[in-house]
Each structure stands twice: as structure tokens, then as C-alpha cells.
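Okay, so here's the structure we're looking at.
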Protein chains: 2
Amino acid sequence: MEHNHDTHEACCEAHTLTVEKVAGNLPDEEILYDVAELFKVFGDSTRVRIICALFESEMCVCGIAEVLGMTQSAISHQLRVLKQARLVKYRREGKTVFYSLADAHIKTIFNQAFEHVME
Amino acid sequence: MEHNHDTHEACCEAHTLTVEKVAGNLPDEEILYDVAELFKVFGDSTRVRIICALFESEMCVCGIAEVLGMTQSAISHQLRVLKQARLVKYRREGKTVFYSLADAHIKTIFNQAFEHVME
DNA sequence: TTAACATATGAGCCATTGTTCATATGTATT
DNA sequence: AATACATATGAACAATGGCTCATATGTTAA
């Protein structure tokens, strides 16, 4: 019987069955990548604060900026990221643009995250 | 009546009530930061793949490396990150170290993330 | 149309981060 | 003790990402 792994031999020899089973059951590469991308969007405290603000109420850009104590530009850049991830939606009312959350999963994900953090 | 915000005036004047209400209801700064840190850990496709592999079964470092087709060093570095976030635990068995998931919330969070990605 | 305001966006800067490479630590075997 | 193996870790490098600054776009009112 032959094994031709560059790196390690003995240990992997012993666990070949597990490795093959696990490798076979992994979700598609593309989906795993998208999931990581989604978490990457959540992985910034400014965006987390924006999302939590939007849990309370829809808000205009300058309103969010004021709540977070940041510039309009910084908020707008981050809203762009959230928009591209289809996590927020917006509606225009005159000069003002109101943003709100676009996905029900977000609440569940954040609730679990809060629970983990406060274990 | 006075308002002294550097940036914007008219819009915020109109939405002062909303802004104050939302600002008052935001979770503690520290918790929001920790939540972002948690998502930051999830926000890398290597770590996502490691976590998904561990959903299937506990595994040794070289086993994970083989499943993902990456070096032992890269995996070890990432397991360190997961360990520091208290997301994985490990047990030693001779020369081998087996890693497994340490938190029940992870599964829920990932399930929701998968649902969002595949909407 | 011109002015004022709300928002969006591009360029640039600095900080963070994932990987590689080399090496150290820890464990078992001889 | 010496060797072999599994894992951990530090330094360095390249790439990514968030913020600022300047400016563009879009909308309303005069």
C-alpha cells in the first residue's frame, strides 16, 4: 500500500480514514468562501455597531454617524460594504437616505454571538 | 435652542429623537468590540474550513492540514487563533494533539450563515 | 441656475493579518 | 542520550482593509 503525502506520514497513516471522511463531507469550496466573506463583514466593530443601531430603528447616514461619533464618510464607506453583502437595504426620502437591515438571519447570528461573548 | 455637531445640522436636527434613543440602547462598547472580534475569527476561509472539518470529527493537526491541503505550520497558527477565542479545545495523546469544537453556539451561528449565503 | 445639504466615492496612508520559512518545544522509541 | 515525529512559535513579507481627505453625485429650495 502506498501513501504519497509530502509532509507527514505516520500520523496521517493512522488517521487516513477520518481524513477521507471529513474531506468528503466538507461543503463546497465556494460556499465556505462566501461564509467567510459574510463573517468578515461582521468582523469589524464599526459595522457591528451600525448593525446593532439598525436593530433599533431605520436611520439616515448622518444619524448613524452621530450615534457612533464618526464621520459621514466613514459610515458611508461601511454602509457600502454592508450593502454589497446584501445585509442592509435603503430607501431615499428627499436628500436623506434611510438604511435598515435586510436579512432576518442577522438577528439570530448576533444573538448567538452575544451569548458566546457573555458565556 | 442650540446644537453643536461639527458635521451636519439640518438632518440631525430632524432626527435627534431617534438618534438619542438608538444611542441609549446600544450594548456596551466592550461587548460590541468582543462580538466583532469573534466574527473576525470566523472571517477567514481557512478557519471556516477548519471549523467545518471539526463539525465532523475531532482531528489532529496534521489531519486538518491534509484535509485542507495546507502546511502544518499554517494550520497550527490558525488553531492558535481559534484557541485564544475559546472556540476549540484540545487533548494530547502521545505526540498527537486532537482538536475539537468548544462551543455549542458555533453550530447555530454557522447554520444561519449558511442559510444567508444560500438564500 | 445657483446654492445648500445629504450621501457616495476614489486615492492614499497606516495598521492588521495570513502565509512561509526556520527553528524550538514536547513526546515516544531505541 | 540520541533520534524521529507531531506540534508550536517567532520573524519577515505581501496583501488586505478602515479611515481621512478631497471631491463627485444627487436632491431640494430659492
Side-chain angles (χ1 to χ4, degrees), chain A residues 3 5-16 18-19 33 36-50 58-66 68-85 88-100, chain B residues 3 5-15 18-19 33 36-37 39-50 58-66 68-85 88-100:
Chain A
H3 46 69
H5 311 306
D6 325 350
T7 40
H8 23 64
E9 304 274 326
C11 171
C12 295
E13 184 68 14
H15 305 110
T16 299
T18 307
V19 167
Y33 182 82
E37 287 303 302
L38 175 64
F39 285 131
K40 206 169 289 180
V41 173
F42 291 150
D44 172 78
S45 67
T46 297
R47 288 190 293 266
V48 165
R49 287 157 78 213
I50 291 176
E58 77 167 2
M59 266 196 294
C60 64
V61 178
C62 74
I64 300 173
E66 192 174 345
L68 304 200
M70 296 180 63
T71 52
Q72 173 270 323
S73 178
I75 301 300
S76 193
H77 276 295
Q78 298 299 4
L79 285 171
R80 186 173 195 269
V81 175
L82 293 170
K83 207 187 305 174
Q84 286 172 337
V88 298
K89 56 178 187 284
Y90 61 95
R91 71 183 176 82
R92 184 141 215 155
E93 189 172 296
K95 287 175 287 191
T96 314
V97 177
F98 289 95
Y99 281 85
S100 57
Chain B
H3 46 68
H5 311 305
D6 324 351
T7 40
H8 23 63
E9 304 274 324
C11 171
C12 294
E13 184 69 13
H15 304 110
T18 308
V19 166
Y33 182 82
E37 288 303 302
F39 285 133
K40 206 169 288 179
V41 172
F42 291 150
D44 172 80
S45 67
T46 298
R47 288 191 291 266
V48 164
R49 287 157 77 213
I50 292 176
E58 76 166 2
M59 266 195 293
C60 62
V61 178
C62 74
I64 299 173
E66 192 173 344
L68 303 200
M70 297 180 63
T71 53
Q72 173 270 321
S73 179
I75 300 301
S76 195
H77 277 295
Q78 298 298 7
L79 284 171
R80 186 172 195 269
V81 175
L82 293 170
K83 207 188 305 173
Q84 287 173 337
V88 298
K89 54 180 189 281
Y90 61 96
R91 70 184 176 84
R92 184 142 215 154
E93 189 172 296
K95 287 174 290 192
T96 313
V97 177
F98 290 95
Y99 280 84
S100 58

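By convention in this document, chain letters (A, B, ...) are assigned in the order of the sequence lines, proteins followed by strands, and residues within each chain are numbered from 1.
Around the CZ atom of A:Phe98, the shell of radius 6.0 Å holds more than 12 heavy atoms that belong to other residues, nucleotides or ligands.
A:Ile75 and A:Leu68 make their closest contact through CD1-CD1, 4.0 Å (heavy atoms, listed as atom of the first residue, atom of the second, distance).
Neither OP1 nor OP2 of D:dA6 sits under 4.0 Å from any side-chain N or O of B:Arg92. Checking the phosphate oxygens (OP1, OP2) of D:dT27, no side-chain nitrogen or oxygen of A:Thr96 falls inside 4.0 Å.
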Is there a side-chain contact (heavy atoms from CB on, under 4.5 Å) between A:Val61 and A:Ile64? Walk through the geometry before answering.
CA-CA 5 Å; A:Val61 178; A:Ile64 300 173; 5.7 Å; no
For the pair A:Glu58 and A:Arg91, evaluate side-chain contact (heavy atoms from CB on, under 4.5 Å) and give the outcome as yes or no after the intermediate values.
CA-CA 10 Å; A:Glu58 77 167 2; A:Arg91 71 183 176 82; 2.4 Å; yes
Before giving the answer on side-chain contact (heavy atoms from CB on, under 4.5 Å), spell out for B:Met70 and B:Arg49 the whole-Å C-alpha distance, their side-chain angles and the decisive distance to 0.1 Å.
CA-CA 11 Å; B:Met70 297 180 63; B:Arg49 287 157 77 213; 3.9 Å; yes
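In this structure, B:Met70 places its CE atom 16 Å from C1' of D:dT7, rounding to the nearest Å. For the pair A:Ile75 CD1 and D:dC21 P, the interatomic distance rounds to 15 Å; values are reported in whole Å. Counting to the nearest Å, the C1' atom of D:dG17 and the CG atom of A:Leu82 are 14 Å from each other. To the nearest angstrom, C1' of D:dG18 lies 11 Å from CD1 of A:Ile50. In this structure, B:Asp44 atom CG and D:dA15 atom P are separated by 16 Å, rounded to whole Å. Going from atom CD1 of B:Ile64 over to atom C1' of D:dT7 covers 12 Å, rounded to whole Å. Put simply, CZ on B:Phe42 is 14 Å from P on C:dG18, counting in whole angstrom units. A:Leu68 places its CG atom 14 Å from the C1' atom of D:dC19, with the value rounded to the nearest Å.
With the nearest nucleotide of DNA chain D identified for both A:Lys40 and A:Glu93, A:Lys40 has the one nearer the 5' end. Two residues, B:Val97 and A:Gly43, neighbour DNA chain D, and the one matched to the more 5' nucleotide by heavy-atom proximity is B:Val97.
Applying side chain to side chain contact (heavy atoms under 4.5 Å, CB included) to B:Tyr99 and the options B:Met59, B:Lys83, B:Lys89 leaves one that passes, B:Lys83.
Checked against D:dA8, D:dT20, D:dC19, the side chain of A:Thr71 finds its nearest nucleotide in D:dT20. Of the candidates C:dG18, D:dC5, D:dT27, D:dC5 carries the atom nearest the B:Lys95 side chain, counting heavy atoms from C-beta on. Side-chain proximity of A:Gln78 to the nucleotides C:dA8, C:dA6, D:dC19 is greatest for D:dC19. You'll find that the side chain of A:Tyr99 is closest to C:dA8, out of C:dA8, C:dT7, D:dT7.
Not a single ring-ring contact (aromatic ring centres under 6.0 Å, His included) links B:Tyr33 to another residue, sequence neighbours left out.
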Pairs under 3.5 Å (N/O, protein and nucleotides 9-14 of chain C):
| residue | atom | partner | partner atom | Å |
| --- | --- | --- | --- | --- |
| C:dT9 | OP2 | A:Arg80 | NE | 3.3 |
| C:dT9 | O4 | A:Ser73 | OG | 2.8 |
| C:dG10 | O6 | A:His77 | NE2 | 2.8 |

